[in-house]
Each structure stands twice: as structure tokens, then as C-alpha cells.
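Since the structure comes first, as C-alpha cells, the remarks are kept for the end.
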Amino acid sequence: MLDPVFLRDHLPALRTALQHRGVDLGADLDALLALETERKRLIPGIEGLKREQNAAGEEAGRARREGRDITAIQDASRERAQRIKQLSAELDAVEERRQRGLLTIPNVPHSSVPVGRSAADNVEVRRHGTPRPFSFTPQAHWDLGPALGIIDFERGTKIAGARFTVLVGAGARMARALIDFMLDLHTRDHGYTEVEPPFMANSAALTGTGNLPKFEADLFKIAGEWDLFMVPTAEVPLTNMHREEILDGRMLPIRYTAYTPCFRSEAGSYGADVRGLIRQHQFDKVELMAFSAPAESYNELERLTGHAEEVLKRLDLPYRTVLLCTGDMGFASAKTYDIEVWLPSQNTFREISSCSNTEAFQARRASIKYRQPGGKPDFVHTLNGSGLAVGRTLIAVMENYQQADGSVVVPDALRPYMRGLEIIGPPK
RNA sequence: GGAGAGGUGGCCGAGUGGUCGAUGGCGGCGGUCUUGAAAACCGCUGUACCCGGAAGGGUACCGGGGGUUCGAAUCCCUCCCUCUCCGCCA
């Protein structure tokens, strides 16, 4: 959520920043500013009347004890109560529109974010590893998987429909191994606390992260009288761990990691990545999440991104890290790094992680504050990143470690998690 | 699914229409005392918003929302949550 004070004091700068994101909110911002002014006009009047009302109530109590007549006080109070009611209704309407406005405006990009319109304007910041040379034409995972009997697209469709997939045998086991491997890495080596959260979240939680009210179409909603949605990412439950809390500043940073399945309707993505495991309605992910003191949050973003990259380093998968431009960032983010893994069959890098600092954007929506000893409460900064998307990591392993005969070598780092299995060969 | 009990400040726990943001205790902070610590004693100790340069002042909040009333933590309605017993179940 936008800081109302920032809106009031930096309207031109805000307008420019949002233009850089490719959204035109000119009129919205003016309307919002007008609501802000209207709000500040109404509040002092209402509070003044309430003050009078309180004094009258006190006086009535005193008068009644002393046996004096209070009908005059009652009449005046009754009338005042009506005026308060009327003005409050006006204020409520203003507050509601103001709130709705504040909730639908995206975050302001950090000054270090390159200005650009699309993914083409993103900036590669580093690259790690070298794609393996192949003496044959590397196959896509959607050919390798079914041939090895470890991915079954047809049965996924039979059970749930398009964009659902069944992993079988060594495929299912490798997904589980990846989850285990990632969680161990982040808890043991990177200092995160493991969490297993609910896989559904309510509308308050989703509003806190920024998924609601604007992006309900991307979510799977539970039918019936439930205020519940399937989580689109563990970012939602993890960020909401401390919603409406004031944290002890000495506990920061707080770092959580969680494995969850993620559910996305992928509305509006018809035709994109229809083959294979790249874009599914359900996928597994290990998430990294941090609550940081504001002054430290950009250092924390670098650390968190490094923690996600470490997964690929240990699996010996080539990748590059890209700084997203203003036009390609998500709604809640002030700065985002995407990590892209090499996929030989596509001869390109594909996104496998997205690491963002939302600054106080989510903290303001979800009311997540911290307080240093003796200090005033202030909003924390929240950060999140994939560490990593499991399905896409599985794809990357299969494609990068494939051999001429269609078998797949198990990366060294994963073997302890797969009872020493060294190679996944075709079914006998 | 059925029956019942309950949600008050960081925690415990009073308060059932009138100076109640709310008695008391615990915890925390500061001070006195002490060689030091403990104990004892004294003081302070919530959040949000509004006005104000500040000092300070005001309004709201006793699970959420609505209502009754001159006036509500206290009465009414409704929703949410927690606990206990039964049933069911991983």
C-alpha cells in the first residue's frame, strides 16, 4: 500500500514512478489526493462534536445524581448525536474510497531499478556456470519425462484437467528430494526457520500481500461460504505470519522458509507454455521470506537472492541473474531479481526464481511493524523469493543432466536424498 | 454434525448503563536503598488517527460489525474465534 503521506507530499514524483511501471493512474491519484483532503476536513469536525457529546454525557450524569432536570441536555445530545451520525457516514464513504484507491496502486520502484517497458529492458547482472556441450540434440523434458516414465501428462489431465501433471516413480522422488535438499540448505546453511503453513489463506491475508483486491482472477477460490483461497505462493502465509503484530526490533531479521504447493489459475496466459511443466495450475515451491529493518532491507535482498542462487550452484546448473526493469516488476515489488536457469532444449534461460523487496508496501497493508527498545513502532520491510520453484528445477536437472540414451544423471548434491540413486534410466 | 462455556491492556484477572483507557497482580523500564545482587519502597509503562513548529491537546479502540440510550466494556442483534463434552475422522 502506498504511503498516504508520500502521496500528499510527492505527487509529481509518484506520477513519474508509476508511469515508469507502465500504468497510468493520473486521474486516480488526483481523486485520491482530493479524498485525502476531504478526510482531513471531516475528522476535526466530527471529533469536536464527539468531545462536546462526552462532556454533555458527563454533565448529565452529574445532574442526575444531584436531582436536577436533564431534559435540556438530553435534547441537545440527541440532536448532536444525529449530526455526528450523518458526518460519520460521510467520512465512512470517503474512507472506503480512499482505502480502495490506496489498495489498487502498485508499489513505487526503487531508484536502482532500470526504467523500461518490458522484459526486453531487464538487465543481466551476473551469470554462473557454463552450459554443457551436447554431442546430440538435447531433448525437451516433455519428451524425456514420459519416455522415462517419470512424468505423466495425460493422467494429470484426466484427473484434474489441462496444466495438471502426475509425477511417477523417480520423478516424484526427485521432486521430494529437491524439496528436502532446498529446505536443508536454507535452514542449516542460510539460517532460515522452516515453517509449514496452511495451503489456503483468507482474504485478509491475500490483501496483505497485494494479491487482493486486484488479482482475484489469478487465484483459485474455495466454493461455498468459505472466505478461502488456495495459496498462489508461500509468500502469502509467510508474510502473514506477523500480520497485525509489532515485532521486537532485536529479533530482526526474521527469516522463514517453507515448502508449499502453489495454485494459480493462470488466467490470461492461454497459449503460453502450454507444453510441459513450465506453467501449471499446481506446482511445488520452496519459498524464502524475510522481515527486515528498513535500513537493512536492500542488503537483505542481495543475501536472499544469493541464497536462492546457491541452490543452483550446488546442483551445478548454469544460470543468470536479471534485474527486472520498472515495467516488468510485480505489483507489490520495489525491486526484483529474477534468477533464470539454462534449459538446453530451448537454448535459453528460463525463470526459476523471483526475489523481491516490497519495502513497506506489504507491511503497511498487513500492519507489520517493529520497535527498537525505547523507540516508536515503524513498518518493517518484507522480502520474498523462490528458493526455488521445484517443478522448474526438476526440468532443469532433467534437461541439463540428460544423456544420449535418454537417461538422466542424478546431480551429486541430490544423491543422498535419493538413496544414492545415480542415474534415472528407462523403465524395464 | 449435536450440546454447553467463554473472548478485557505484553500476560493473569476485576469490572454488568454514568468522570472506565478501564481496579489489582505479574512482567518490563527508571529511581531510592545495597560493596554487588536480591528483597522492599516510589514513579513510569498500549495502539491508531486528528489539530499543533513544538510543548501539548483531542478522538477512537474492552474479539469484528450493527443497534438501543442523553450516555455502553456493561443491554440487544449478528458474525468470527477459542475451549469442554458427545459423534465422526487422518
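In this structure, A:P373 reaches neither bases nor backbone, as no heavy-atom distance under 4.0 Å exists between it and the strands shown. Among the atoms of the strands shown, only primed sugar atoms or phosphate atoms (P, OP1, OP2) are found under 4.0 Å from some heavy atom of A:R371. Residue contacts for A:K376: at a heavy-atom cut-off of 4.0 Å it reaches no nucleic acid atom on any strand shown.
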Donor-acceptor pairs under 3.5 angstrom involving side-chain atoms of residues 381-394 of chain A: please list them, not counting sequence neighbours.
residue: A:H381; atom: ND1; partner: A:S297; partner atom: OG; Å: 2.8
residue: A:T382; atom: OG1; partner: A:T358; partner atom: OG1; Å: 2.7
residue: A:T382; atom: OG1; partner: A:Q362; partner atom: OE1; Å: 2.7
residue: A:N384; atom: ND2; partner: A:E235; partner atom: OE2; Å: 3.3
residue: A:S386; atom: OG; partner: A:S354; partner atom: N; Å: 3.1
residue: A:R392; atom: NE; partner: A:I278; partner atom: O; Å: 3.0
residue: A:R392; atom: NH1; partner: A:E351; partner atom: O; Å: 2.9
residue: A:R392; atom: NH2; partner: A:I278; partner atom: O; Å: 2.9
residue: A:T393; atom: OG1; partner: A:A389; partner atom: O; Å: 2.6

Under 3.5 Å, side-chain donor or acceptor atoms of residues 213-222 of chain A against the rest of the protein: list the pairs with distances, not counting sequence neighbours.
residue: A:K214; atom: NZ; partner: A:T104; partner atom: O; Å: 3.0
residue: A:K221; atom: NZ; partner: A:W226; partner atom: O; Å: 3.4

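Sequence neighbours left out, the pairs with a member in residues 5-60 of chain A that pass ring-ring contact (aromatic ring centres under 6.0 Å, His included) are A:F6-A:H10.
Taking a pair as Watson-Crick or G-U wobble with both distances under 3.5 Å, RNA chain B forms stems of 3 or more consecutive pairs at B:1-7 with B:80-86, B:10-12 with B:24-26, B:27-32 with B:40-45, B:46-51 with B:56-61, B:63-67 with B:75-79.
On the C1' atoms, B:rC89 is 25 Å away from B:rC80, given to the nearest whole Å.
A search for side chain to side chain donor-acceptor pair (under 3.5 Å) contacts involving A:R279 returns A:E266, A:D273, not counting sequence neighbours. A:T193 is linked by a side chain to side chain contact (heavy atoms under 4.5 Å, CB included) to A:Y256, counting only residues two or more places apart in sequence or in another chain. Applying the side chain to side chain donor-acceptor pair (under 3.5 Å) test to A:R80 and every residue at least two apart in sequence or in another chain returns A:E52, A:Q53. Take A:T257 and apply the side chain to side chain donor-acceptor pair (under 3.5 Å) test, not counting sequence neighbours, and it matches no residue. Residues passing the salt bridge (Lys or Arg N to Asp or Glu O under 4.0 Å) test with A:K285 are A:E287, sequence neighbours excluded. Evaluation of the side chain to side chain donor-acceptor pair (under 3.5 Å) rule for A:E309 yields A:R126, A:Y319, A:T321 as partners, not counting sequence neighbours.
If you measure from atom CD1 of A:I84 to atom C1' of B:rC50, you get 15 Å, rounded to the nearest angstrom. A:E95 has its CD atom 16 Å from the P atom of B:rA48, to the nearest Å. Atom C1' of nucleotide B:rC81 and atom CZ of A:R243 are separated by 13 Å, given to the nearest angstrom. The nearest whole Å value for the distance from the CH2 atom in A:W226 to the C1' atom in B:rC81 is 13 Å. Protein atom CD1 of A:I246 is 14 Å distant from nucleotide atom P of B:rG9, rounded to whole Å. Atom-to-atom, CZ of A:F379 to C1' of B:rU47 comes out at 12 Å; the value is rounded to the nearest Å. B:rA48 atom P lies 13 Å from atom CE of A:M1, rounded to whole Å. We find that CG of A:D248 is positioned 14 Å from P of B:rG28, with the value rounded to whole Å.
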Between the protein and nucleotides 20-23 of chain B, which nitrogen or oxygen pairs come in under 3.5 angstrom?
none

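Sparse packing is recorded around CD of A:E96, with 12 or fewer heavy atoms of other residues, nucleotides or ligands lying under 6.0 Å away.
Across every non-hydrogen atom of A:V409 and A:R415, the tightest pair is CG1-NH2, 3.4 Å.
In this structure, A:R303 does not pair ionically with A:E310, as no charged nitrogen and carboxylate oxygen lie closer than 4.0 Å.
At B:rC50, one or more side-chain N or O atoms of A:R39 fall inside 4.0 Å of OP1 or OP2 (strictly under the cut-off).
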The contact string for nucleotides 58-71 of chain B, one letter per nucleotide 5' to 3', using protein heavy atoms under 4.0 Å with B, S and - for base, sugar-phosphate only and none, comes out as BBS------S--BS
